[in-house]
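What follows is a set of notes on a single structure, which appears directly below.
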Amino acid sequence: MFNPPSRLKLAALTGTSVLALALVPAVHAQTAKQPEAKPAADDTITEVVVTGQRLSNANSILAQKKATAVVNVISADDLGKLPDANVADALARIPGVNVVVNQETGEGEYVSIRGLASTYNAYSINGVRVALTDASSRKMSMTVLPPNGLKAISVNKTLTPDLDGDAIGGSVNFVTPTAFDFRKPTVRVFASYGLNDRAQKQDEEAGSGQIQIDGARKFGDGRFGLFGSVYYGKSHYTNEESENDGEWEPYRWRKDSTEAIDSRSMYLPGIDLDFRRGEQKRYGGNFSADYHSEQHDLYVRGQYAKLERTGTNDYTDFRSRTTKRLTQVNLEDTTLLQPEQMITGRDSVKGNIYGYTTAQIVDADKDGIITDADRKSSNSYWSLFGRSGVWNPKAFQFARTHESQDQESSLYTINAGGQSRFERLTLDYDLSYSYGEKGTPLYYSIGYNCDKCSTDPMFTSTGILWSSADPRFPLAQLPAYATNVDRRDDLLPFDGASMNQDKQSDARTALKLDARYEMSGLIDYVKGGFKYLKSEREYDYTPVWEGDLSGTPLAGKSLGASGLVERQVDGFFKDRYYYGSILSREKVIAAVNAARAANPVTYSTDDLNSDDKKGSETIYAGYALAHIQSGDLEVIAGARVEHTKVETTAWIDDGTKSGFGKTEKDYTNVLPSVTAVYRQGQNLIYRGAIWTSFSRPEYANISRGESITRDKVTQEIVAISRGNPDLKPAESVNFDLAAEYYPDRSSLVSIGVFHKKMKNFIFTNGRSVNADTKEGTITITQPQNGEDATLTGVELNLIKSFEGLKAPFDGFGVEANITSQNSTAETGLAYRRGHPISFLQAPDLIYNTSLTYQKYGIEAKLSYQYQGAYIEDTRDNAVDKWVQPNKSLDLHTRYTIRPGLTVDFDVQNILDGHRYYTTKGRSPSYQKDYMEPGRNFILRLAYSY
C-alpha cells in the first residue's frame, strides 16, 4: 500500500525531463551543422551558440515553456543518448512514466503513466491512433518499435477537448520527421554493434547490430519535400531467471483462495530455473511527402515496423508434489494431532492404521477404521485436509521442459491530410489507416518429468525444504540420495509434447476534421472538430497437435537416451546453481513433427473455435473550445463528446450446445475541461487544469463468451462464467497544478501536483477481477465495475547546465526528476472489501538522475534510474504479486571525430542487476520471479552530410 499523500516523498530531484518538441533534426546537430529550431522573437538568444545535448535541452525547455498543457517530450537526439532497446525503455526516462518489462527478453514492453497502467493510455503515430495487438486488453506492446527514425515522442499528461478523451493516464504520440525539419538536403547513416556479456559467458550468440539510413530533400522552390528512413537490426539475448513453481503457501492449511492467510510465514513449494536465449530482428522505416504553400500544407505519411523473435526457454522444475491426505470430518477442527503421532499399527494392504475415530476423519472405504486407504481427498501439501493440517510435503518432482518463444509482430500506419488557411479560418483534416498483428507462428513444447516415476522412492519419500539466505536464489535441501537428480537425465521419462499457434490483429480507420476561427477581443480563437474511428479486432487460437512419441524412435526413451540434449550449462546465476541439460531447438521441432505425423490428432469444432473472438468498436467524437487571452493569462475551455458502439462475437458453451454469440453495446461520454496558464514575466509560469477523461472496458471483459458448469449427476446448472458486455467505462475527474521557473535558456526547475478521482473503476490490467453473484443456486462469475478510486502525486523536475562557471565545472550539467504518487481502489472482490490496494503498475516512487558533460568535442551522460515497487496483478488470499524496485545505471558517451562524423560508446545496466524481480506479497522474502539479462555494450557510428 502506498504512503498517504501527506507523506509523499519530495526528495532528490532526478533524471531526464521535458525534451524538445521542436526537432533537433539529427542526433549530430552539434557537428553536422544541422538546422536548429528557431526560437520565437521574444526568446532570441544573442549570446554563445549552444550545440549538442545542451541545444537539445534548450529546445526542450522552450517547447515546455510555450505549451499550454502538461507535456513531456523526448527528442530524436535524446533517443540516441542511452542504449534503450525500444521506445518503452526510452519513455521510462520521462517524469511519472514507468516501464513494465517483458519477462522473456528483459526489454520494456508496456508503459504506465502517473500510476495508470498501459491500458488506460492512448497511443498514436503522427496523431493516428495505432492498432493494438494485445489479445485481451487495450495495452500497446511497444517491443515492435525501436527508438530509430523518430523525430520525437511526446507524452500529454493533461488533455484539452481537441485530444481523444479515452486516456485517464495520458496520451503518447510518436512523431516522425519531414523534409521541412531540415534546412538543406541531408543524408544520414547510423550503424551500431553491441555485445551482451551474459550471453558471452554462457557461450551463446552475443552480438547485435543495426543500420539506419535516412534522407531529406526539398525541391520545387522549397514547396515540396520528401523524407525517408529505413532500418534493420538484429540482436541476441540470453537471460537467466529463478521463479517460484506453485504459489507460496501458509504453514497452516488454507480452505480456499479467498480466506485471509498469514503472509508473514509462508512456504515455497518449488522453483523453476529458466534459461532463455533468442534472436530478434527489427526492420522497417517511415516516409513523409509534403507540400507547403502560403495557403495549403498537404502531406502523405507512412510508417512500418516489424519484429521477428526466434527464442527458446529451457526450464527445470524442482518442486514438492501434492499427495492424497486424510480428510477431517469437521474441516474447522484445530485439535487433531498429526498423522505421525496417531499411528497405532500397520495393515499389509491398507498401510498405516491411525487412532482417529470416524467422527474425526472421513472413513472413505467405510470399514470402520482409519487407515492410509482413507487418503482419498484432494491432493494437498498439508498433513491433514482441514484446519489441523500443517505444512508437510511428502514427495517431490524434477522436470525439464523445452519450449519455443517465437513471436511475429508488425505495425503500419498511413495517413494523408493537411492544413488550409482562409483568412481567419484554418482547417486541419486527416484520413488514416493503421493495422497491426501479433502472434505465435508455431509454438513447440516437450517435457520430461519424474512425476511419471510415482513409485520411485527417490521421489516419493520426502518433499523439498528450501534455504533462502538470499531470497532471490532459493536452494533445494534434498536428501543425500537425491542431491544429483539434476544430473540424471536417465531418471526423466517423457511427459508430453504439443504444438499450437495464435494471432491477434487490429485494423483501424479514422477520419478527423478540425476548424479554428480567429477572433478579436477577449476570445482569441474558437475551435471545433469531428472524428470518426472504427477498430476491427480478431483473435484466433489454433491447437495444432498434442500427444506422445509413440511410433517414433524416441518412444519409451528417457531424456538421457533421447538425443535431444544439446549441451550442459554449469555456471547459472554466476555459479549459484548447476543448471544441467538444455535441449536442441532443431531436434525438438523434428521430434514433435515426427510424433504428429505418427499420431495425428483431429480437433472438434469446439476445440478449434472456443478461444476465438472478434469485435468492432465504432467511435463518433466532436468537440468545441474557446481560447481566451487576457494579458499574461491564457485559458482553454470547452468540452468533448464521444459516442462508442461496441460489437463482440465470442464462443458460447451452455453445456449442451455451443456456437458463436454476438452482443452490442453503446454509450456516450461528455468530457468538459478548463486549462489555464499564467506567465509572470519571462521566467515564471503557473499552469492549472481541471479536465475529465475515461477509459473503455478491456476487450476480454466485454466479450459475451460464456461457459456452463453442470452437476455431474443431475445435469443441473450450478455455475456460469461469462463476460459482461454491460460494463461501464471508467470515468475520471482530473486536477493538475504546476509551477515552472526558467532562470536561463538552458535551465528549468518545476513542480507539479496531480489528483485523479475515478468512478466505475475496473480493477484490471488485461485480465478481469471477477465478482460472483447468485441467481437461486447458480453462481455467476463475471467482471464487474468497481467503486471509487483515487490517485494523487507530485512531480519535480530539474535541468541545469553549468556553462559560465570556471573550468573544469563549465562542461558539466545535471538533469533530474522525481515522481511520488499514492493510489487506492477497491478491487471489486467481496472478500477484500474494506481493504483497498494501490493501482496495478503504480510505483510509489520513480526518479531519474543524470550527470552530463559537454566540452572539447566530447559528450557524456551517466544516468541512474529508479522505479519503486508496485503490484503487477492480484493473487489468491489477498497476497498479491509485487514487482520489487528496479535500479539501472547507464552510460552514454560521444566523440566528434570531425564535422558530420561521430562515434558513441554506451553501456547498459552497468551494475549488472536484475531487470525483473517479483515477489509474493510486498516483502522481498518470498521470491516469485528473478531475472538478470546481463550488460549490453554498444558502439555506434553516425555520418551525415
More than 12 heavy atoms of other groups within 6.0 Å of Lys255 NZ: no

Qualifying residue for ring-ring contact (aromatic ring centres under 6.0 Å, His included) with Trp248, from Trp391, Tyr381, Trp466, Tyr926: Tyr926

Short N-O contact, Arg319 and Glu247, less than 4.0 angstrom: no

Nearest heavy atoms of Tyr870 and Val99, plus distance in Å: OH-O, 3.9 Å

Whether Asp262 side chain and Met266 backbone form a donor-acceptor pair below 3.5 Å: no

Atom pair CH2/CZ of Trp382 and Arg252 - distance to nearest 0.5 Å: 12.5 Å

Carboxylate-amine/guanidinium proximity below 4.0 Å for Arg400 and Asp489: yes

Shortest non-hydrogen contact between Arg832 and Arg875, atoms and distance: NH2-O, 2.9 Å

Side-chain heavy atoms of Ile343 within contact of Ile353, under 4.5 Å: no

Evaluation steps, side-chain contact (heavy atoms from CB on, under 4.5 Å), between Ile446 and Thr401: CA-CA 6 Å; Ile446 193 168; Thr401 303; over 6 Å; no

Shortest non-hydrogen separation from Asp372 to Tyr354 and the atoms involved: OD1-OH, 2.7 Å

Shortest non-hydrogen separation from Trp253 to Phe385 and the atoms involved: NE1-CD1, 3.6 Å

For Asp363 against Gly368, the heavy-atom pair lying closest together: OD2-N, 2.7 Å

Distance-only donor-acceptor check, side chains Thr919 and Gln884, under 3.5 Å: yes

Side-chain touch Tyr481/Met458, heavy atoms, less than 4.5 angstrom: yes

Spacing of Asp374 atom CG and Ile369 atom CD1 [to the nearest 0.5 Å]: 8.0 Å

Axial cation check for Tyr578 ring with Arg487, 6.0 Å and 45° limits: yes

Verdict with reasoning, Tyr267 to Tyr251, per ring pair (Phe, Tyr, Trp, His ring centres under 6.0 Å): CA-CA 6 Å; Tyr267 284 75; Tyr251 176 68; 5.7 Å; yes

Ser388 side, atom OG; Asn330 side, atom CG - distance, nearest 0.5 Å: 9.0 Å

Ile370 vs Thr358 side-chain heavy atoms within contact, under 4.5 Å: yes

Student check: side-chain heavy atoms of Tyr917 and Arg472 closer than 4.5 Å: yes

Side-chain donor or acceptor of Ser404 paired with backbone N/O of Tyr444 under 3.5 Å: yes

Over-ring placement of Arg576 relative to Phe473, 6.0 Å and 45° cut-offs: yes

Arg922 and Ile871: CA distance, side-chain angles, deciding distance, side-chain contact (heavy atoms from CB on, under 4.5 Å) verdict: CA-CA 8 Å; Arg922 187 160 192 173; Ile871 299 174; over 6 Å; no

Side-chain heavy atoms of Asp929 within contact of Gln103, under 4.5 Å: yes

Aromatic ring pairing Tyr448/Phe494, orientation class (parallel under 30°, perpendicular over 60°, tilted between): perpendicular

Side chain to side chain contact (heavy atoms under 4.5 Å, CB included), paired with Asn239, selected from Arg915, Glu932, Met931: Met931

Beyond-backbone contact of Arg488 with Phe398, side-chain heavy atoms, under 4.5 angstrom: no

Residue pair Arg254 / Arg387: nearest heavy atoms and the distance that separates them: CA-NH1, 4.4 Å

Heavy-atom side-chain contact between Glu403 and Gln405 under 4.5 Å: yes

Test log, rule side-chain contact (heavy atoms from CB on, under 4.5 Å), inputs Ile261 and Val879: CA-CA 8 Å; Ile261 64 173; Val879 186; 3.9 Å; yes

Trace of the side-chain contact (heavy atoms from CB on, under 4.5 Å) decision for Arg277 with Thr312: CA-CA 6 Å; Arg277 47 197 173 143; Thr312 60; 3.4 Å; yes

Asp274 side chain reached by Glu104 side chain, heavy atoms, under 4.5 Å: no

Sidechain N-carboxylate O distance under 4.0 Å for Glu240, Arg198: yes

